[in-house]
Amino acid sequence: MKTFDLGERSGLKVPRVNIGGMRLPADYDDAVDLIRHAIDSGMRYIDTSRGYGESEWIIGRALKNGYRKKVILSTKSSPWVNRIRKSDNTSSDSIRRRIDESLKRLDTDYLDYYQVWNINSRECYNNAVAKGGMVDGIKKAMKEGLVKRTGFTTHDSVENLMDYIKEVDWCDIILFSYNLLNRKYAPVIEAARKAGIGTLVMNPVGGGKLAESSSKLKKLAREVGATSETDLAIRYVLSNPNVDTILCGMTKLSDVDSTISSAEKSRFGEKELKKIDGFIDNITEEGRKFCSRCKYCLPCPKGIDIPQIMNIIFDYRYWGFKKLSQKRYKDMKGSKAGACSKCGKCEKACTQKLSIMSEMTFAANKFGE
């Protein structure tokens with residue numbers, strides 16, 4: 001695959017699609033074979049975390065026999081996401097211990113990147129950048145030659161991120177969630193790129209959701225020249241000129257091959273993007289008229305998680321995720337829609353004035369109990 005600048009600050013180049021280490025096969029041999037297949041196919045950047053189960057151990061094993069020299073290796077941690085010890089905190093010393101442990105687990109002498117994992121609030125950001133905090137700990141490891149560069153991952157608000165980008169002279173890359181279902185970070189990704197920060201995207205297919213069959217997305221894909229819902233999702237993200245690369249969550253060899261195939265196709269043009277955005281905007285508008293998940297309908301006297309069921313109905317009705325919606329409903333814990341006693345308390349509290357009782361009947365009939 002061709003390589004492109006990973007922002008201006010890093011000086012590194014990466015292909016359009018790279019390795020996400022969160023969903024690797026449980027079997028070590030299968031996972032090692034998968035990672036090496038991805039690297040042999042041209043992927044270079046690897047994203048993992050101490051919090052991804054056995055991922056670091058598996059990747060360390062996969063990078064033996066000369067594979068370590070072929071990749072840009074990145075891992076991450078934060079105490080608010082994954083506390084290894086009770087004493088873990090946001091201090092420089094605490095993050096320094098996590099770096100040492102990741103080096104051992106990955107069986108490497110250095111990390112190309114060590115990131116602050118999931119800055120999701122102003123409090124998290126302030127703790128990370130405080131004097132003697134996490135960023136200082138990573139900088140210390142950088143001076144020792146154990147880490148080359150740093151950055152962060154995020155699910156924070158657009159407003160907060162716009163402020164951070166003005167301040168983060170220490171940051172080379174940011175990992176965002178961005179896809180057909182969630183486009184809110186588009187302006188932040190643009191601002192990061194203008195600041196010279198490398199932009200990486202996780203969940204380009206919505207954590208696998210956009211790989212599911214959808215009659216509506218399938219029709220849209222045909223109309224814009226995509227071969228499948230997944231091809232549509234990947235090419236949509238990569239058609240954003242401010243996205244440097246995406247991470248491929250891999251569980252099987254075909255995940256690697258199909259993602260690369262989509263990444264190597266041409267970007268969507270203005271006409272196709274206008275059609276895609278119009279389709280999504282229409283569904284988003286319908287969503288605003290449906291359940292907003294404000295939860296004023298709770299608690300339900302029968303213990304039904306009304307917002308969750310309404311979200312399943314939305315995915316079934318508006319997105320066309322038939323099988324996925326049925327599975328989500330089947331896997332629900334606790335009371336389901338059939339338990340509804342039609343007391344009407346939820347409808348009186350509903351800010352959208354929805355016919356919730358009728359929707360519960362729909363869910364019970366459509367998805368079964």
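As a basis for the values below, the full set of heavy atoms in this structure was taken, side chains included, without hydrogen atoms, waters or symmetry mates.
Within 6.0 Å of NZ in Lys216 there are more than 12 heavy atoms belonging to other residues, nucleotides or ligands. In Tyr28, the OH atom is crowded: over 12 heavy atoms of neighbouring residues, nucleotides or ligands sit closer than 6.0 Å. Heavy-atom contacts from other residues, nucleotides or ligands closer than 6.0 Å to NZ of Lys70 number more than 12. Sparse packing is recorded around NZ of Lys345, with 12 or fewer heavy atoms of other residues, nucleotides or ligands lying under 6.0 Å away. Under a cut-off of 6.0 angstrom, the local environment of CG in Asp109 is sparse, with at most 12 non-hydrogen atoms contributed by other residues, nucleotides or ligands. Residue-environment remark: CD (Glu123) stays at or below the threshold of 12 foreign heavy atoms within 6.0 Å. Atom NZ of Lys275 is surrounded by 12 or fewer heavy atoms from other residues, nucleotides or ligands within 6.0 Å. Applying the 6.0 Å contact sphere to CD of Glu159 captures no more than 12 heavy atoms from other residues, nucleotides or ligands.
The pair Lys323-Glu212 does not meet the salt-bridge criterion, since no charged nitrogen lies less than 4.0 angstrom from a carboxylate oxygen. A salt bridge links Arg98 with Asp88: the distance from a Lys NZ or Arg NE/NH1/NH2 to an Asp or Glu carboxylate oxygen falls below 4.0 Å. One finds a salt bridge joining Glu223 and Lys219 here, because a Lys/Arg side-chain nitrogen approaches an Asp/Glu carboxylate oxygen to under 4.0 Å.
Across Thr230, Asp231, Val237, a single residue satisfies side chain to side chain contact (heavy atoms under 4.5 Å, CB included) together with Ile234, and that is Thr230.
For the pair Gly207 and Arg23, the tightest heavy-atom approach, listed with the atom from each and the gap, is CA-NH2, 3.7 Å. Across all their heavy atoms, Ala233 and Val205 have their closest contact at CB-CG1, 3.8 Å. Residue Tyr329 comes nearest to Ala337 through the heavy atom pair OH-N, 3.0 Å, listed as atom of the first residue, atom of the second, then distance. Smallest separation of non-hydrogen atoms from Glu347 and Ser355: OE2-C, 3.3 Å. Pro15 and Met43 make their closest contact through CG-CA, 4.1 Å (heavy atoms, listed as atom of the first residue, atom of the second, distance). Of all heavy-atom pairs between Ala128 and Val116, the closest is CB-CG1, 4.1 Å.
Ring-plane geometry between Tyr52 and Trp117 is classed as perpendicular, the angle between the planes exceeding 60 degrees on a 0 to 90 degree scale with a lower cut at 30. Between Phe362 and Tyr316, the ring-plane angle classifies as perpendicular under the 30° and 60° cut-offs.
Between Glu56 and Thr75, the side chains place a donor N or O and an acceptor N or O closer than 3.5 Å (distance only, hydrogens not considered). Side-chain atoms of Glu167 and Tyr125 include a donor-acceptor pair closer than 3.5 Å. At a cut-off of 3.5 Å, with distance as the only test, no side-chain donor of Ser102 or Tyr114 sits close to an acceptor on the other residue. Between the side chains of Asp156 and Tyr185, not a single donor N or O lies within less than 3.5 Å of an accepting N or O. Between the side chains of Ser91 and Asp93, no donor-acceptor pair of N or O atoms lies under 3.5 Å.
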Can Glu359 and Phe290 be said to form a side-chain contact (heavy atoms from CB on, under 4.5 Å), step by step? CA-CA 11 Å; Glu359 297 292 0; Phe290 199 62; 3.6 Å; yes

Carefully, step by step, assess Asp305 and Lys333 under the rule salt bridge (Lys or Arg N to Asp or Glu O under 4.0 Å). CA-CA 9 Å; Asp305 188 340; Lys333 304 298 182 184; over 6 Å; no

Starting from the C-alpha separation in whole Å, work towards a yes-or-no answer on salt bridge (Lys or Arg N to Asp or Glu O under 4.0 Å) for Arg193 and Asp244. CA-CA 9 Å; Arg193 184 171 176 79; Asp244 290 327; 2.4 Å; yes

Show, in sequence, the C-alpha distance, side-chain angles and deciding distance for Val71 and Ile39, and conclude whether the side-chain contact (heavy atoms from CB on, under 4.5 Å) test is met. CA-CA 8 Å; Val71 302; Ile39 297 170; 3.6 Å; yes

Check the pair Lys218, Ser215 against side-chain contact (heavy atoms from CB on, under 4.5 Å), reporting the backbone distance first and the verdict last. CA-CA 5 Å; Lys218 192 183 295 292; Ser215 58; 5.6 Å; no

Please assess Thr245 against Asn18 for the test side-chain hydrogen bond (donor to acceptor under 3.5 Å, both in side chains), listing each intermediate value before the final yes or no. CA-CA 7 Å; Thr245 189; Asn18 286 283; 2.8 Å; yes

Step by step, work out the salt bridge (Lys or Arg N to Asp or Glu O under 4.0 Å) result for Lys194 and Glu190. CA-CA 6 Å; Lys194 286 181 178 178; Glu190 180 180 7; 3.3 Å; yes

Verify salt bridge (Lys or Arg N to Asp or Glu O under 4.0 Å) between Arg328 and Asp315, making sure each step is shown before the conclusion. CA-CA 10 Å; Arg328 286 175 58 203; Asp315 281 353; 2.6 Å; yes

Let me see the working for Asp107 and Arg61 under side-chain contact (heavy atoms from CB on, under 4.5 Å), right down to the final yes or no. CA-CA 8 Å; Asp107 197 13; Arg61 182 169 163 181; over 6 Å; no

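Because its NZ or CZ atom is both nearer than 6.0 Å to the ring centre of Tyr110 and within 45° of the ring axis, Arg68 counts as a cation-pi partner of that residue. A cation-pi arrangement is absent between Arg183 and Tyr178 under the rule of less than 6.0 angstrom and at most 45 degrees off the ring axis.
A donor-acceptor pair under 3.5 Å is absent between the side-chain atoms of Ser74 and the main chain of Asp47, judged by distance alone. Of the possible donor and acceptor atoms, one in the side chain of Asp112 sits under 3.5 Å from a partner among the backbone N and O of Leu73. Proximity of a side-chain donor or acceptor of Thr199 to a complementary backbone N or O of Asn242 within less than 3.5 Å is detected. In terms of modelled atom types and a separation under 3.5 Å, the side chain of Ser94 and the main chain of Thr90 share no donor-acceptor contact. Although no hydrogens or angles enter the test, the distance criterion places a donor-acceptor pair under 3.5 Å between the side chain of Lys336 and the main chain of Lys330. Side-chain atoms of Asn282 do not come within 3.5 Å of backbone N or O of Gly278 as any donor-acceptor pair.
Using a 4.5 Å cut-off on side-chain heavy atoms (C-beta onward), Ile174 and Ile165 make contact. Considering only heavy atoms from C-beta on, Arg96 comes within 4.5 Å of Leu146 through its side chain. With contacts defined as side-chain heavy-atom distances shorter than 4.5 Å, the pair Leu24/Met250 qualifies. Here the side chains of Asp163 and Arg122 are in contact, with some heavy-atom distance below 4.5 Å. You'll find the side chain of Ile46 stays beyond 4.5 Å of the side chain of Tyr113, heavy atoms only. Taking the side chain as every heavy atom from C-beta outward, Arg293 and Asn311 approach each other to under 4.5 Å. Side-chain contact check for Asn118 versus Phe152: every heavy-atom pair is 4.5 Å or farther apart. Side-chain contact between Val256 and Leu253 is absent, with no heavy-atom pair separated by less than 4.5 Å.
One finds the CG atom of Leu298 at 10.0 Å from the CD1 atom of Ile304 (value rounded to the nearest 0.5 Å).
Tracing side-chain contacts under 4.5 Å through hydrophobic residues (I, L, V, M, F, W, Y), one reaches Leu181 starting from Leu220; they form part of the same cluster. Hydrophobic clustering (side-chain heavy atoms under 4.5 Å, transitive across Ile, Leu, Val, Met, Phe, Trp, Tyr) groups Leu106 together with Ile95.
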